[in-house]
Amino acid sequence: MTQLFGRNADRKLRRGAALVVVLAVSVLLFGYFRVRSDSYWHVGIAREQPVPFNHKLHVQGLKMECGYCHTGATSMAGAGMPSAQNCLTCHSEIWRGVPALEPLHTSAELGTPIPWNSVIWFPDHARFHHGSHIAAGVACSTCHGDVGAMTETSAAVRLTMDFCVDCHEDAMAETGARGSAVTALPAAAFLQRKGSASPAAEGMDPPASHQDGRSLTDCSVCHY
Amino acid sequence: MDRTDRLWRGLSESEELAVQREFPMLAEAARLDRRLAMKLLGASAALAAAAACERKPGSKPSAARGTHFGDYARPVTYATTLEQSGVPIPVLVETVNGWPIKIDGNPAWGTGGSSAITQAQLLDFYNPLRLTRPLLRGKPARPAAVEEALSRLARGGGRGVHILRPPTSNIAVLRAAERAAAALPDAQIHEWAPILPEAPFDPAPGSRSILCIGADFLGPGPHQAESAAAWAAWRGGSDDRRHRQLFVAECVPTLTGARADRRLRLAPRDLLQLAHEGGRGALARRLGLPDVDQVLIGRELQDDGAGDLLPLVAALRRGEVETLIVLGGNPAYDAPADLDFAAAMKHAGSVIVLADTLNETAGGAGMLIPEASQLERWGEYRRGGNRLLSQPLAGTKVRRWSAEEILDRLAGTAETAQPAWMKAVHEQAFAAGGESGAAADATETGVSVRSDDLPDGLILVFRPDASVWDGAHADNPWLQELPDPISKLVWGNAATVASSTAGTLGLENGDIVAIESAGRRIEAPIWVLPGQAGGTVALPLGYGRAVAGLGSDIGINAYRLRTARHPWYAPCTVAKTEGRAVPISTELHHPLAEDVPARRMSRRDEAEQPAFYRQQSESGQHQWGMVIDLDACIGCSACTVACQAENNIPVVGPEEVARGREMHWLRIDRYWRGDTDDPGIDFMPVPCMHCETAPCEPVCPVGATVHSSEGLNQMVYPRCIGTRTCANNCPYKVRRFNWFDYQEEAPRSEQSLNPRVSVRERGVMEKCTYCVQRIEAVHAGDKEGPVRTACQQACPTEAITFGDLADPDSDVARKRASPRNYALLGGLNLAPRTTYLARREEDGDG
């Protein structure tokens, strides 16, 4: 009767098992680092836009404030995208007839939207309210980076849950123990020590905060 | 009534095994063999691995004008008016990006409560089967074809033209009808509705005791919210200790009967006699009724006349009708069976039907005109001495017509008169003053009682349905899946009988019987209903529609037995057949391990009972809590549908409901109290209790349900892996599991979803969140406080109070200090944030 397993069977099994373990670990490691990588969050990756808008020119050059175009930033959940009409306030006179600005005129004439491509990926299952962050003293650049210095706009920060929660925890630590009143501008001092700008410095007018002393790490602050 | 009465949920309650009762799925799972279990295990692991996918940033369009916010746009609320069965209902409609997402009562008019049907009318607007083009002999036609046909009729002088329209209080329609009648002197206008609404509850000043004879003013109907608010006000607020007594005589248990201080179960003949005697004669004395201050007589006992349909059908049969124009309604389905309207309609030369979706009447139409939704048109309604206005709040690219437009075309007017009330519309939906409401709500003075000659033997009782009303809402999935408040039947109807009648006839739940009345015969399943009078068979109207989208062929069409002579009570015979089909009822779902979940308390005890009030230990400045006053709850289910609309709760369909998988976050438990033949009825809305020591939290392996600093029991959907352990550990049975990707598989128009609430995926647990999106909107500064939950907002009797327990001056804290306050399953020491106020009952001494 022949042997059911050859002489090398044991070694093969061990190698196979080791391979499976190595593979499994590398898949997990790959996943771990992948979801933390810049490319996953599209950091620094500009996308082609219908109009080659230059933030640097408008912000640093012309000293325009964020809220001039993104009118919802101080008070609403979405900061909002400016309309063609908004752009044409100036561009009906300046750079008239430049082909790159053609989509603005088309949009204004036909009433069709301009399909800007989002450069920031924010997961569906989390909610973000621009207004309440400005109210808490968080500057635009804290999450968006120095957009005013970008010629091509791209994401500057990996918007992982860690990134959000770190700040929420620090904001609570700044005002004392968990549960003490988180009132107006709780995060401002903390953020400014870390070198961030303040909303006021970016031309924002922060409204009152209504967090009313709740813990900022409650799940339902962002997930509902 | 004795407070030690046993509470029970259904007649077959004791037959179930404990495991079937609490874990119906587990009882079924025991039937899985090992091989299938392994297959399922492997498949679910593979599917779970495939579920992780990366998403790219999308596009962010900007508008041509104004700033574009996409999904983040602020909601805009419009005040307008909806008309149900000719009754105008003032509402507020919340829209996002021009799409309506929620309908609520207008608080400027009454309490701001609404009814389940009003809430659910949102879905009608998004019905994918709404007609988008006129149909000429079944073929799509140009809008101009409609205009041509109407102007041709307008030139004809109206000979042989008959117009049939439902009753309305829309002044625009009434005026257009007058103009049309003047322009076409030979045309005739008829009115038809199968069910006239019950008169609104309007207690005479100073009346302290009221006897309702068959008057179900708290029941379904256009006046429900208004009547419920008036009833709650009459009964007195939460701290009011005045005695108000409501006596209700009825043959089938209704919502009004459930809230009666004394409910009398009477056969139809006795009801009629009591009505004839005005509640003060020999029968009243025999029943031991005291002298009451006011008597209300139900619509079913009043002599409502035969209606306008008789002359129309006669004219049709004589061949005198050249053109029949049906401006809404569905007479081919709901006209009295003896008139056989559908057959008579074939005698008309041509039929023009105005309808929003294809229905039975539209099937016989030569020309079918799509009807504009009530959210798409102007209107001016008369209500009492006031005017209510409606405005279009949703734009449409589809050409649809309204009844007044068609009447105006017939009158030869080129355009509908421009509304001259723009300013009033903008400022408020209604304007007081003007002419007195002559054609408005009928009062109960001068009521003449029907003189039905009812023989001995079984009597068939027709009832409007709490969900589909007269059948008009059969295509509304929210209403189909809403359990009937009394029988808890969903997705269909059944012939209900008292257990004594069932015993005599040898019937049990699910037996199919043949019901014969006036030579017509239908087959219907039986449902034994406690509290019904013996010798009666009750059939809810509005089911068994042949052409009603997803409502087609659901339930039994009771109109096939309903005649012009006997619209509400008819003699009948019942014979058992071989068949069986058990109707789906949710009455035994979600059992609670407590003997008396819905408590009652006598006023004497109320004065003696010490109050318990637990101080919460969380850190937030606000501590949310809810108090549900069982003394005010009428079981109308408006809260259930409001919650469904606000929180994007899916509809699961009859098969899934039968498995106990309905998704309603807020259910209304109905308990029978005491005697099986003539029990008391208690309602108990049960949302998540947000227990301070929640048993669901420690058992979650991934921490997907945790507590917030403001005392919310949070449900974190992205973390949930669907073990369902939390639901099994929840003693209140309020957690709901997404067995399927409901939004994916049975999609609901995306625009109709509330963008502030996540749509849950398959495999995720969900439950009441205390409307956390509304709490967050206040935290974010989008809305001003105080926070009101959707159920609280919808409740017409203000039975639900939500608020901040940490604020001793808040309504919710004040109510919690009431001696009537108790926690459901209080013995478990879970410190639920939702508590109940026991229903009051009289001491018996008056």
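A note on names: the letters A, B, ... follow the listed sequences, proteins ahead of strands, and every chain is numbered from 1. Only a predicted model underlies this, so the values are computations on that prediction, with no experimental measurement involved.
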> Among B:Gly785, B:Ala780, B:Ala777, which has the most heavy-atom pairs under 4.5 Å with chain A?
Replying inline: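 Most heavy-atom pairs under 4.5 Å with chain A: B:Ala780.
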Nearest 0.5 Å, please: how far is [atom2] in [Y] from [atom1] in [X]?
X	Y	atom1	atom2	value
A:Arg214	B:Ser708	CZ	OG	8.0 Å
B:His707	A:Ser215	NE2	OG	12.5 Å
B:Gln621	A:His210	CD	NE2	12.0 Å
B:Asp804	A:Asp212	CG	CG	9.0 Å
A:Tyr224	B:Arg756	OH	CZ	8.5 Å
A:His223	B:Ser758	NE2	OG	9.5 Å

> Side chain, backbone, both or neither: which part of A:Thr106 has an atom under 4.5 Å from a heavy atom of chain B?
Replying inline: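 Neither part; nothing is under 4.5 Å.
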>> Which residues pass the salt bridge (Lys or Arg N to Asp or Glu O under 4.0 Å) test with B:Glu697, not counting sequence neighbours?
In response: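 For B:Glu697 there are no salt bridge (Lys or Arg N to Asp or Glu O under 4.0 Å) partners, ignoring immediate neighbours.
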For residues [X] and [Y], determine if any side-chain heavy atom of one lies less than 4.5 Å from a side-chain heavy atom of the other.
X	Y	answer
A:Cys219	B:Val706	yes
A:His125	B:Val716	no
A:Ser75	B:Arg74	yes

> Between A:Asp218 and B:Ser709, is there a donor-acceptor pair closer than 3.5 Å when you use the side chain of the first and the backbone of the second?
Replying inline: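 At least one qualifying donor-acceptor pair exists.
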> For B:Glu744, does the CD atom have more than 12 heavy-atom neighbours from other residues, nucleotides or ligands under 6.0 Å away?
Replying inline: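 No, not enclosed.
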> Does A:Glu48 CD have over 12 foreign heavy atoms under 6.0 Å away?
Replying inline: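 Counting neighbours around CD of A:Glu48, 12 or fewer heavy atoms of other residues, nucleotides or ligands fall under 6.0 Å, so no.
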> Where on B:Gln714 is there a heavy atom nearer than 4.5 Å to chain A: the side chain, the backbone, both, or neither?
Replying inline: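 For B:Gln714, the contact with chain A is made by the side chain alone.
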>> Give me each pair satisfying ring-ring contact (aromatic ring centres under 6.0 Å, His included) with a member in residues 755-786 of chain B, each pair once, sequence neighbours excluded.
In response: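 Found B:His690-B:Tyr770, B:Tyr770-B:Phe802.
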